[in-house]
Amino acid sequence: MKSRFAPSPTGYLHIGGARTALFAWAYAKQQQGHFVLRIEDTDRARSTQTSVDAILDGMNWLGLDYDEGPFYQTERFARYGEVIQQLLATDKAYYCACSKERLDTLRADLMAKGEKAMYDGCCRDKNLSSGVVRFKNPIAGVVTFADAVKGKISIANQEIDDLIIARTDGTPTYNLTVVVDDHDMAITHVIRGDDHINNTPRQINLYTALNWTLPEFAHLPMILGSDGARLSKRHGAVSVMAYRDAGFLPEALLNYLVRLGWSHGDQEIFSLEEIVSLFDLKDINKAPASFNEEKLLWLNQEYIKNATPEYLIQQLDWHLNHQKITTEQGADLASVVALLQQRSKTLVEMVAGLKMFYQDFDTFDKKLADKQFKDTKPLAVLLEKLSVLDTWQADEIKGCIKQVCNDLEIGFGKVGQPFRLALSGNGNAGNIDAVAELIGKPTTLKRLEKAIQY
RNA sequence: GUCCCGUUCGUCUAGCUGGCCCAGGACUUUAGGAUUUCAUCCUAACGACAGGAGUUCAAAUCUCCUACGGGACACCA
């Protein structure tokens, strides 16, 4: 068994492509087969190296490893040429010299007449020797195939025109290259987006003309945006790497993506191992799904909550560098992360919460400070008690706060809140005693003084 | 326009070898509870079988029609 992911390098790896890759990858792993990465770059005008790199980066970040490839179609032109010649020689293809203008008007006329815009086979029997090469699609009959997710699909050959397999400059086009590659690479399962359903019958005809055995086809429904239209740039972030930048964990994205169209009963959370062991094409939904960032956020939070601090630190590395925050000095990063992981939906949020342990802030949040620092008495008393504290530990610090409460006969919140603001600058912090412990005595006292002077 | 595919709570979905479904889970929202804010956690509530016809003792599940949505119709992939 062998599956593949075959993106064209005309942009970054987007969410829809990533899900297709994930499904093809998961099925290969599940079947203990191979997963192939193939770059379909035959459109030299639109393909770029930057896009190739972006796709590779995306795959790598997601952890979707491939057993073979990446293969590049541009390196296989000789082979395509061979197949085109073979088709020509066996009268399965012909040269067509129709001008673009003729084709355009033909299309417009047909549409106006209420018919499907198709090539009329004008040059089919002219026996020309130059121009584009078209495949001689059968005129009659019906092409039927059993799609692994959609079920039986039939299209009449009358609905299919003679597709171009080689351009004027001799370069091959998509429908020819996929067939040749999938055959040559011994792909047994073609798993791709259902925008390719209409191409499938023509490809099947090509397989037949070449006398090659057909692979299984599995067409995945598209991912739609919140407005029901196909997911695109105008729906916001669609690049996989944009999700890394926004602080998502790769396994959270993968988990979200796998549940978009695939299910295993009521289970929502799947480890990578579970995805691999449980994945099956028959559990894929036929209908398109729309992307919902709120649920992704929830999943991400779940993964952050359950991850080990060590793993989180590893994932945090990029964000820390990106925001130029150094954590060598000051609090123990693992402890800080452990404190923060219960309260961060994203890594970006975590970094925001982690700043106060490694950087001083210039000002307090004005609104909060005006309120919390109106009466500085509690903080002043707290400062006194903390400054004489010998063992700088959460329990001891908590004890001090309680003492202040007793001495002044006020509630915990009256001391805890201002204290929290004093240390964080913005009021966002977890267990205040633990926070103070990690920040350390000198810094805690310094910030307390600053708050009292506010 | 023509062809192909699809249609269960706002969203992701279970169920689709008909009865266990006056439809289950999750996200979101709302209301409570726990908590030193927030977050987390617990409890509860709201909320859907697109519409119609048919088959059947019985339909979300099978058939047909309609509506709506998506996709394809490139010398793009």
Side-chain angles (χ1 to χ4, degrees), chain A residues 6-10 40-43 45-47 73 96 98 100 103-104 107 110-119 131-134 147 149-151 153-156 158-161 163-175 177-178 192-201 219 221-222 224 226 228-230 256 259-269 283 285-299 301 305 340-345 349 353 368 372 398 401-402 405 411-417 419-421 426-433:
Chain A
S8 61
T10 53
E40 310 219 319
D41 52 356
T42 54
D43 184 350
R46 297 198 308 152
S47 301
Q73 293 194 318
C96 165
C98 290
K100 218 165 219 146
L103 261 19
D104 286 345
R107 199 164 17 241
L110 286 168
M111 292 264 250
K113 274 198 294 183
E115 285 170 44
K116 192 169 179 174
M118 298 198 303
Y119 177 60
V132 300
V133 178
R134 285 184 186 272
D147 189 272
V149 349
K150 302 271 185 178
I153 295 176
S154 318
I155 298 180
Q158 285 174 346
E159 299 294 335
I160 310 172
D161 63 1
L163 76 172
I164 292 175
I165 54 177
R167 304 182 178 94
T168 312
D169 64 5
T171 58
T173 60
Y174 169 73
N175 281 294
T177 59
V178 246
R192 65 204 342 179
D194 73 3
D195 47 339
H196 287 289
I197 283 188
N198 293 276
N199 289 323
T200 308
H219 288 98
M222 304 268 86
L224 274 25
S226 45
R230 183 184 185 157
Y256 178 72
R259 280 289 286 109
L260 220 51
W262 175 80
S263 61
H264 184 258
D266 287 335
Q267 190 171 340
E268 294 288 349
I269 299 194
D283 295 319
N285 230 152
K286 294 180 203 290
S290 41
F291 193 84
N292 179 246
E293 198 160 307
E294 283 173 335
K295 191 159 182 180
L296 206 209
L297 222 36
W298 167 77
L299 262 172
Q301 183 166 212
K305 271 195 309 199
L340 255 27
Q341 70 183 122
Q342 294 304 316
R343 55 206 318 108
S344 309
K345 283 191 171 68
E349 255 181 55
L368 288 172
Q372 302 287 3
K398 190 171 192 168
I401 300 174
K402 287 206 167 135
C405 294
F412 198 104
K414 292 276 183 208
V415 189
Q417 284 314 345
F419 190 20
R420 179 171 281 118
L421 181 61
N426 57 26
N428 291 324
N431 283 337
I432 191 61
D433 42 11

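Just so it is clear, the values below take in all heavy atoms, side chains as well, and ignore hydrogens, waters and symmetry mates. Computed from a prediction, not measured in an experiment: that's the story for all the values here. Throughout, protein chains are lettered first and strands after them, A, B, ... in sequence-line order, and every chain is numbered starting at 1.
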Taking any heavy-atom pair under 4.0 Å as a contact, classify [X]: base, sugar-phosphate, or nothing.
{"X": "S47(A)", "value": "nothing"}
{"X": "N198(A)", "value": "base"}
{"X": "Q301(A)", "value": "sugar-phosphate"}
{"X": "H219(A)", "value": "nothing"}
{"X": "L260(A)", "value": "sugar-phosphate"}
{"X": "E294(A)", "value": "sugar-phosphate"}
{"X": "K305(A)", "value": "sugar-phosphate"}
{"X": "T171(A)", "value": "nothing"}
{"X": "E40(A)", "value": "sugar-phosphate"}
{"X": "G261(A)", "value": "sugar-phosphate"}
{"X": "G416(A)", "value": "nothing"}
{"X": "A117(A)", "value": "base"}

I need the [X] [atom1] to [Y] [atom2] distance, nearest 0.5 Å.
{"X": "Q417(A)", "Y": "F412(A)", "atom1": "CD", "atom2": "CZ", "value": "9.5 Å"}
{"X": "L163(A)", "Y": "N199(A)", "atom1": "CG", "atom2": "CG", "value": "8.5 Å"}
{"X": "Q301(A)", "Y": "R343(A)", "atom1": "CD", "atom2": "CZ", "value": "10.5 Å"}
{"X": "K295(A)", "Y": "L297(A)", "atom1": "NZ", "atom2": "CG", "value": "13.0 Å"}

If you only use heavy atoms from C-beta on, which nucleotide in [options] is closest to the side chain of [X]?
{"X": "R230(A)", "options": "U11(B), U13(B), G71(B)", "answer": "G71(B)"}
{"X": "S263(A)", "options": "C3(B), U13(B), G6(B)", "answer": "U13(B)"}
{"X": "D266(A)", "options": "C4(B), G25(B), U40(B)", "answer": "G25(B)"}
{"X": "R343(A)", "options": "U37(B), A72(B), U36(B)", "answer": "U37(B)"}
{"X": "A287(A)", "options": "U37(B), G6(B), A74(B)", "answer": "G6(B)"}
{"X": "I164(A)", "options": "C75(B), U36(B), A77(B)", "answer": "C75(B)"}
{"X": "S290(A)", "options": "U40(B), U36(B), C12(B)", "answer": "C12(B)"}
{"X": "P288(A)", "options": "G6(B), C12(B), U40(B)", "answer": "G6(B)"}
{"X": "N431(A)", "options": "C4(B), U36(B), C75(B)", "answer": "U36(B)"}
{"X": "N292(A)", "options": "U11(B), C75(B), A77(B)", "answer": "U11(B)"}

What distance, rounded to whole Å, do you find between the two [atom1] atoms, one in [N] and one in [M]?
{"N": "C46(B)", "M": "G52(B)", "atom1": "P", "result": "24 Å"}
{"N": "A60(B)", "M": "C9(B)", "atom1": "P", "result": "15 Å"}
{"N": "G25(B)", "M": "G47(B)", "atom1": "P", "result": "14 Å"}
{"N": "U63(B)", "M": "C20(B)", "atom1": "C1'", "result": "26 Å"}
{"N": "A58(B)", "M": "A74(B)", "atom1": "P", "result": "50 Å"}

What about [X]: does its side chain form a donor-acceptor pair under 3.5 Å with the base of [N]?
{"X": "N199(A)", "N": "A77(B)", "value": "yes"}
{"X": "T168(A)", "N": "C75(B)", "value": "yes"}
{"X": "E268(A)", "N": "G25(B)", "value": "yes"}
{"X": "K295(A)", "N": "C12(B)", "value": "yes"}
{"X": "R259(A)", "N": "U13(B)", "value": "no"}

Report task. Look only at the side chain of E159(A) and the backbone of I155(A), and say whether a donor-acceptor pair between them is shorter than 3.5 Å. Result ->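 No; judged by distance alone, with no hydrogens or angles, the pair does not exist.
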
**Report entry** Donor-acceptor contact present, side-chain Y256(A) to main-chain N292(A), <3.5 Å
**Finding:**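 Pair found, side chain donor or acceptor close to backbone of N292(A).
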
Quick one: [X] [atom1] to [N] [atom2], roughly how many Å, whole number?
{"X": "R420(A)", "N": "A39(B)", "atom1": "CZ", "atom2": "C1'", "answer": "11 Å"}
{"X": "E293(A)", "N": "C12(B)", "atom1": "CD", "atom2": "C1'", "answer": "14 Å"}
{"X": "R192(A)", "N": "G71(B)", "atom1": "CZ", "atom2": "P", "answer": "17 Å"}
{"X": "K150(A)", "N": "C3(B)", "atom1": "NZ", "atom2": "P", "answer": "18 Å"}
{"X": "D195(A)", "N": "C4(B)", "atom1": "CG", "atom2": "P", "answer": "18 Å"}
{"X": "Y256(A)", "N": "U28(B)", "atom1": "OH", "atom2": "C1'", "answer": "12 Å"}

Less than 4.0 angstrom between a side-chain N/O of [X] and OP1 or OP2 of [N], yes or no?
{"X": "R107(A)", "N": "A74(B)", "result": "yes"}
{"X": "T42(A)", "N": "A77(B)", "result": "yes"}
{"X": "K402(A)", "N": "U36(B)", "result": "no"}
{"X": "N285(A)", "N": "A14(B)", "result": "yes"}

Report task. Assign each of K113(A) and M222(A) to its nearest nucleotide of RNA chain B by heavy atoms, then name whichever residue's nucleotide is nearer the 5' end. Result ->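 In this pair, the answer is K113(A).
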
Query - 5' precedence on RNA chain B between L110(A) and Y174(A) (nearest-nucleotide basis) - result: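 Its nearest nucleotide being more 5', the pick is L110(A).
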
Is there a Watson-Crick or G-U wobble partner for [N] with both distances under 3.5 Å, and which nucleotide is it?
{"N": "C73(B)", "answer": "G1(B)"}
{"N": "A50(B)", "answer": "U66(B)"}
{"N": "U17(B)", "answer": "none"}
{"N": "A59(B)", "answer": "none"}
{"N": "A39(B)", "answer": "none"}
{"N": "C27(B)", "answer": "G10(B)"}

Requested in this report: For the pair Q73(A) and D41(A), evaluate side-chain contact (heavy atoms from CB on, under 4.5 Å) and give the outcome as yes or no after the intermediate values.
Outcome: CA-CA 6 Å; Q73(A) 293 194 318; D41(A) 52 356; 3.5 Å; yes

Report task. Under the side-chain contact (heavy atoms from CB on, under 4.5 Å) rule, what do R230(A) and D195(A) come out as? Steps first, then yes or no, please. Result -> CA-CA 11 Å; R230(A) 183 184 185 157; D195(A) 47 339; 3.1 Å; yes

Report task. Report the C-alpha separation of I153(A) and I197(A) in whole Å, then their side-chain angles, then the decisive distance to 0.1 Å, and conclude whether the side-chain contact (heavy atoms from CB on, under 4.5 Å) test is met. Result -> CA-CA 9 Å; I153(A) 295 176; I197(A) 283 188; 3.9 Å; yes

